[in-house]
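Quick notes on the structure that follows.
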Amino acid sequence: MVKDLFERIKGDKGPLGKWADKAEGYYVFPKLEGPISNRMSFNGKKVITWSINDYLGLANHPEVLKVDGESAATDGMAYPMGARMMSGHTTYHEQLERECAEFVGKEASYLVNFGYQGMVSAIDALVSKDDIIVYDVDTHACIIDGVRLHAGKRFVYRHNDIESCEKNLQRATKMAEKTGGGILLVSEGVFGMRGEQGRLKEIVALKEKYNFRLLVDDAHGFGTLGEGGRGTGFEQGVQDGIDVYFATFAKSMAGIGAFFAGDKDVVQYLQYNMRSQMFAKSLPMPMVKGALKRLDLIRTQPELKDKLWEVTDALQSGLRNAGFDLGTTETCITPVYLKGEIPEAMAMVNDLRENYGVFCSIVVYPVIPKGLIILRLIPTARHTMDDVTETIEAFTAIREKLENGTYKKVAESIMAE
């Protein structure tokens, strides 16, 4: 008998979906309203927002809003129509690609409509069935999904563990000698959950012993690290050793879109072989012109990055001085590690938002191990020292309630309803 495809879905909504009735609209799919800023409206109240990927505060920068608005009025959101290969190519797309490549020290770059979609498609294009992929276990979901498309062998190494990385390069080398293929190693410049930098310097050094190419997803490093915000490769002094560099406009640039950069022949190969772009509509003009303005502001206003780090340093040092565990973050991403179960985490976050006016992301199982809670804060150049002080005071108060069992009792009463 053939089962109804939806029978399983109705019985098993998944590890997160099973909480939908109690969580949707508040803990997941929440609505932050009003102008993007350090304080926004949530559930009818003003809250300090630590959950917006607007690192440099460009989302509502007057010059950005002016360009976005003018382009929307003159070009519309439809132009250019069609995929770039057929009818959606413009001089502005080419200009943005030239400026992105120059900014990150590469020969050429290629725009993609969305970072997630682009990374999946780039991995698919770069490797054949005879090639081997080696990747960090904690890489972003877009990389994992790209690796899943690979018809050949793949080896995963322990997070930021160079010894494990090398062992898997050795395994990949032996396999590639049999298949006649090559090796693609994939890491992140900044790991978005823990805030750690990828060990790019050590990985690049392994090129002296092994023949592989390196793809780096620098979504969170672009604009926040390195000289002038040029990324993690510049921060660690190994940008030349990164063969394919990727960055998104969705973080520091507060926009939509992304780009890959590298040698001209590799970038051209991606242009002609990335299915997600060959068969997708071109990036709309307001987003392209808006990205040009945002990139210009990153280049010409270094004080934005300076302010971001002033807030970051104050927040992280203040939390650590108050006894909080931030793990090994070395970037703006600020994860606060606490112990508790999912119902306790929900009760705690409700209290944090409703009674202390602080909104941050909550991360629980299955993203992280059971019994662990991460409250993830994203500082921006728009935050103030008052925001920092209020947040540290709020975190100190909710930690005490978590440890004395208050949230466990609240959770039990809610679950009993």
Side-chain angles (χ1 to χ4, degrees), residues 23-62 64-65 68 190 192-195 219-220 222-224 248-256 294 297 304-319 322 324 326 329 331-338 345-364 367 373-399:
E24 190 165 327
Y26 195 92
Y27 303 100
V28 293
F29 303 105
K31 295 183 285 289
L32 282 168
E33 299 174 306
I36 297 171
S37 189
N38 58 315
R39 299 196 183 218
M40 298 174 67
S41 294
F42 174 72
N43 206 30
K45 299 178 181 179
K46 280 286 186 181
V47 292
I48 305 171
T49 50
W50 296 103
S51 191
I52 301 294
N53 287 320
D54 181 22
Y55 284 120
L56 302 177
L58 295 179
N60 278 317
H61 191 287
V64 166
L65 291 178
D68 287 353
V190 173
M193 195 60 62
R194 303 186 188 189
H220 289 275
F222 179 78
T224 68
T248 175
F249 300 150
K251 304 295 189 294
S252 289
M253 300 250 287
I256 295 176
R294 289 162 169 83
L297 290 173
L304 295 172
K305 177 171 170 277
D306 293 342
K307 177 62 189 306
L308 166 65
W309 276 99
E310 179 185 338
V311 172
T312 298
D313 290 340
L315 178 66
Q316 293 185 355
S317 62
L319 286 167
F324 287 96
L326 307 188
T329 183
T331 64
C332 299
I333 296 167
T334 306
V336 178
Y337 294 86
L338 299 167
M346 294 168 69
M348 178 175 62
V349 169
N350 177 271
D351 191 24
L352 186 64
R353 294 174 180 178
E354 297 300 320
N355 299 314
Y356 296 95
V358 176
F359 187 103
C360 63
S361 297
I362 173 178
V363 185
V364 293
V367 180
I373 303 168
I374 294 179
L375 297 178
R376 181 170 173 265
L377 293 85
I378 303 294
T380 74
R382 297 293 298 272
H383 283 102
T384 68
M385 291 302 116
D386 285 343
D387 296 334
V388 170
T389 300
E390 288 181 39
T391 299
I392 294 170
E393 291 174 351
F395 270 51
T396 301
I398 64 166
R399 177 180 57 189

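Because the structure is predicted, anything quoted here is derived from the model rather than measured.
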So [Y] and [X], do their side chains get closer than 4.5 Å, heavy atoms only?
{"X": "K251", "Y": "T224", "result": "no"}
{"X": "T396", "Y": "F324", "result": "yes"}
{"X": "F249", "Y": "R294", "result": "no"}
{"X": "L326", "Y": "V336", "result": "yes"}
{"X": "T380", "Y": "T49", "result": "no"}

Out of curiosity, [X] [atom1] to [Y] [atom2], how far, rounded to the nearest 0.5 Å?
{"X": "K305", "Y": "E310", "atom1": "NZ", "atom2": "CD", "result": "13.5 Å"}
{"X": "T312", "Y": "K307", "atom1": "OG1", "atom2": "NZ", "result": "10.5 Å"}
{"X": "C332", "Y": "L315", "atom1": "SG", "atom2": "CG", "result": "10.0 Å"}
{"X": "D68", "Y": "H61", "atom1": "CG", "atom2": "NE2", "result": "12.0 Å"}
{"X": "L352", "Y": "L375", "atom1": "CG", "atom2": "CG", "result": "7.0 Å"}
{"X": "L338", "Y": "R399", "atom1": "CG", "atom2": "CZ", "result": "8.0 Å"}

Derivation and outcome, side chain to side chain contact (heavy atoms under 4.5 Å, CB included), residues I333 and R194: CA-CA 7 Å; I333 296 167; R194 303 186 188 189; over 6 Å; no

Y55 versus P379, closest heavy-atom pair with distance: CD2-O, 3.6 Å

Closest contact, heavy atoms only, V364 versus A345: CG1-CB, 3.9 Å

Test side chain to side chain contact (heavy atoms under 4.5 Å, CB included) applied to F395 and L377, step by step: CA-CA 12 Å; F395 270 51; L377 293 85; 3.7 Å; yes

Quick check against the 3.5 Å criterion: does [X] have a side-chain atom that pairs as donor or acceptor with the backbone of [Y]?
{"X": "S252", "Y": "F222", "value": "yes"}
{"X": "R353", "Y": "C360", "value": "yes"}
{"X": "D54", "Y": "L58", "value": "yes"}

Return the set of residues passing side chain to side chain contact (heavy atoms under 4.5 Å, CB included) with [X] (not counting sequence neighbours), or none when no residue passes.
{"X": "A314", "answer": "M385, V388"}
{"X": "N60", "answer": "P35, I36, L65, R382"}
{"X": "S361", "answer": "S51, R376"}
{"X": "D387", "answer": "N38, R39, I48, W50, H383, T384"}

Results of ring pair (Phe, Tyr, Trp, His ring centres under 6.0 Å) for Y356 - residues two or more places apart only: none

All ring pair (Phe, Tyr, Trp, His ring centres under 6.0 Å) counterparts of Y337, not counting sequence neighbours: none

Partner of F359 by ring-ring contact (aromatic ring centres under 6.0 Å, His included), out of Y26, F42, Y27: F42

E390 vs V358, side chain to side chain contact (heavy atoms under 4.5 Å, CB included): CA-CA, chis, key distance, verdict: CA-CA 8 Å; E390 288 181 39; V358 176; 5.7 Å; no

Full working for side chain to side chain contact (heavy atoms under 4.5 Å, CB included) between H220 and T331: CA-CA 9 Å; H220 289 275; T331 64; over 6 Å; no

